Number of protein chains: 2
Amino acid sequence: MAEAKNPVQAVQRTLEIVDVLRDTDGARVVEIAERVGMSKGTVHCHLATLEEGGYVVKDGNEYKLGLRVIDLAHHAKNRIDIYDLVTEQVDSLAEESGELALFTVEEGGEGVCLYMATGEAAVKTEVYVGYRNDLYYTAVGKAMLAFMPAERRDRIIEETAFEAITPNTIIDEVELREELESIREEGIAYNYSESIHGLVGAGAPIRDQDGTVYGAISVIGPARRMDDERLENDIPEMIRRAVNIVEINITSL
Amino acid sequence: MAEAKNPVQAVQRTLEIVDVLRDTDGARVVEIAERVGMSKGTVHCHLATLEEGGYVVKDGNEYKLGLRVIDLAHHAKNRIDIYDLVTEQVDSLAEESGELALFTVEEGGEGVCLYMATGEAAVKTEVYVGYRNDLYYTAVGKAMLAFMPAERRDRIIEETAFEAITPNTIIDEVELREELESIREEGIAYNYSESIHGLVGAGAPIRDQDGTVYGAISVIGPARRMDDERLENDIPEMIRRAVNIVEINITSL
DNA sequence: ATAAGTATTTGGTATAGCTAAACACCACTC
DNA sequence: GAGTGGTGTTTAGCTATACCAAATACTTAT
């Protein structure tokens, strides 16, 4: 997001290499070199340095992401104080609804899924813990957008490249802002097949007494199982209860 | 582990900074600078570059690990083909035993916990997903040591700095090798309060038909609940069954 | 207001990272 | 088993750049 004034080019290059490893689940020196447009020698030195740190492992001639990043991920999650509190409630939500329940936070204008729990009949999606997406086309995303400070929201919306993921995706800024307004009134955000055709959901933000948004939780499932009554009454009720339990306990953190 | 011949110093420094962020869960520029022994300016440029990549976020004047590392972690885990297969069995193990069940793999001579499931009465430990420790003082570690190729084992043992974590920790190389031999015979490795006083456990390796070790799973619990019968018969029986189910399915990967 | 502490930017220099080329190491092929 | 195309790794040298120190711009507290 933020443009570094005096970036360390060598670090930028290393991050590019890491990105390739991420996308390929392992690659060889030449392959990486041509992908990032650097010489073999350069790539080799970077990989060797990353390996030294445990962030890359060499398996034969394939270089892969090292498991040390999993340790980093744990420490990054630890930053989120409400994590344990929320996961408990998300588990309950999933069990009670039988659907997929998610916990998402915002970072850099994107939503990052931090936890998911699968109920009995939960849909399979491409979402995983660590998955990032724009805010404007998900229930959790719109929930967080709606309740964050106005200037922050404006910045994010301004920097967003709206794209119709499905025919239902809201790509008009005015329309989006109107929807956010109604979300603020109702306290619940919906997703009517805006990210995946046939997939609907409801979500709500988690806030402290000052109104600061900590994240959002949602329940999502197939439209055929989710009639109006269920999507707009039963599920929101469950979510409200879950949010409440978390919010009550936030003060004691 | 491996020494890079021509390391990229700038990358080494960035990794040092990341390490500080990991250990501190967020720090300011000056604090980081003095910890790693670099100038403020240098640290700032590195942080800005990392932020640009999403690996660091700035919260006021505190720099913290970015949630993007969670995405990396997911991709790193995806490397482990048996992951989904194993987690299912570890869940069962935890439920059946009521104790803590773990899935660990080896990387760089260390054990890395990749998954854990807590049974009804599971002990609380410092272990988390991503946690690393030496192999010689855990059940999973010894299980993997016992069944890995001899030359690999020799290298790891040679490079290990043995240390008595508890009075029961095996710190004598000869004694360890004898124990590994008996583990190979029995197929099960035990931990008799070798890592934490009062904590015992049993573990077994997961191998394919060629004997290649993919990782190990274990069940651990408090010694007072684990009499000889339970630790050396019931638990191993559960583990053997779990391992079997995984191993049968490995061929179809 | 002032000051003391930050973060950030700037400028100059010596270092170190980059490319290209040479070398070493396979795994095939013939 | 020599040869060959493909690797990965190392080397050499030039240039760019990463670093430090100092200056500037912010904060926050007094």
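From a predicted model like this one, the values you see are computed outputs, not experimental measurements.
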- Is there a donor-acceptor pair under 3.5 Å between the side chain of Thr169(A) and the backbone N or O of Tyr137(A)? no
- Between Tyr63(A) and dT7(D), is there a side-chain N or O to OP1/OP2 distance below 4.0 Å? no
- Message: Could you check whether Arg177(B) pairs with Glu181(B) (Lys NZ or Arg NE/NH1/NH2 to Asp/Glu carboxylate O, under 4.0 Å)?
- Response: no
- So, is Thr42(B) close to the dC20(D) phosphate, meaning a side-chain N or O under 4.0 Å from OP1 or OP2? yes
- When you check the phosphate oxygens OP1 and OP2 of dA7(C), does a side-chain N or O of Arg28(B) lie under 4.0 Å from one of them? yes
- Earlier contact from the 5' end, DNA chain D, for Lys5(B) and Ser39(B): Lys5(B)
- So does His46(A) get a side-chain nitrogen or oxygen closer than 4.0 Å to the phosphate oxygens (OP1/OP2) of dC18(C)? yes
- From CD of Gln9(B) across to C1' of dT15(C) the rounded distance in Å is 8 Å
- Query: Ile32(B) CD1 to dT6(C) C1': how many Å, rounded?
  - Reply: 13 Å
- Item | Side-chain N or O of Lys58(A) closer than 4.0 Å to phosphate OP1/OP2 of dT9(D) | yes
- Query: At under 4.0 Å, does any side-chain N or O of His44(B) touch on OP1 or OP2 of dC19(D)?
  - Reply: no
- Query: What is the distance from CG of Asp59(B) to P of dA7(C), rounded to the nearest Å?
  - Reply: 13 Å
- Query: In whole Å, what is the span from the CE atom of Met38(B) to the P atom of dT8(C)?
  - Reply: 14 Å
- Taken to the nearest whole Å, NZ/Lys40(B) to P/dA4(C) is 15 Å
- Using atom CD of Glu62(A) as one end and atom C1' of dG6(D) as the other, report the distance to the nearest whole Å. 16 Å
- Is the side chain of Tyr136(B) donor-acceptor paired with the backbone N or O of Glu163(B) at a distance under 3.5 Å, no angle test? yes
- Query: Should we count CD of Gln209(B) as having more than 12 external heavy atoms under 6.0 Å?
  - Reply: yes
- Message: I need the CG-C1' distance between Asn6(A) and dA16(D), as an integer number of Å.
- Response: 14 Å
- Is a side-chain donor or acceptor of Arg153(B) paired with a backbone partner of Leu145(B) at a separation under 3.5 angstrom? yes
- Item | Between dT6(C) (C1') and Glu31(B) (CD): distance, integer Å | 13 Å
- Item | 5′-ward residue of the pair Arg13(A)/Val29(A) relative to DNA chain D | Val29(A)
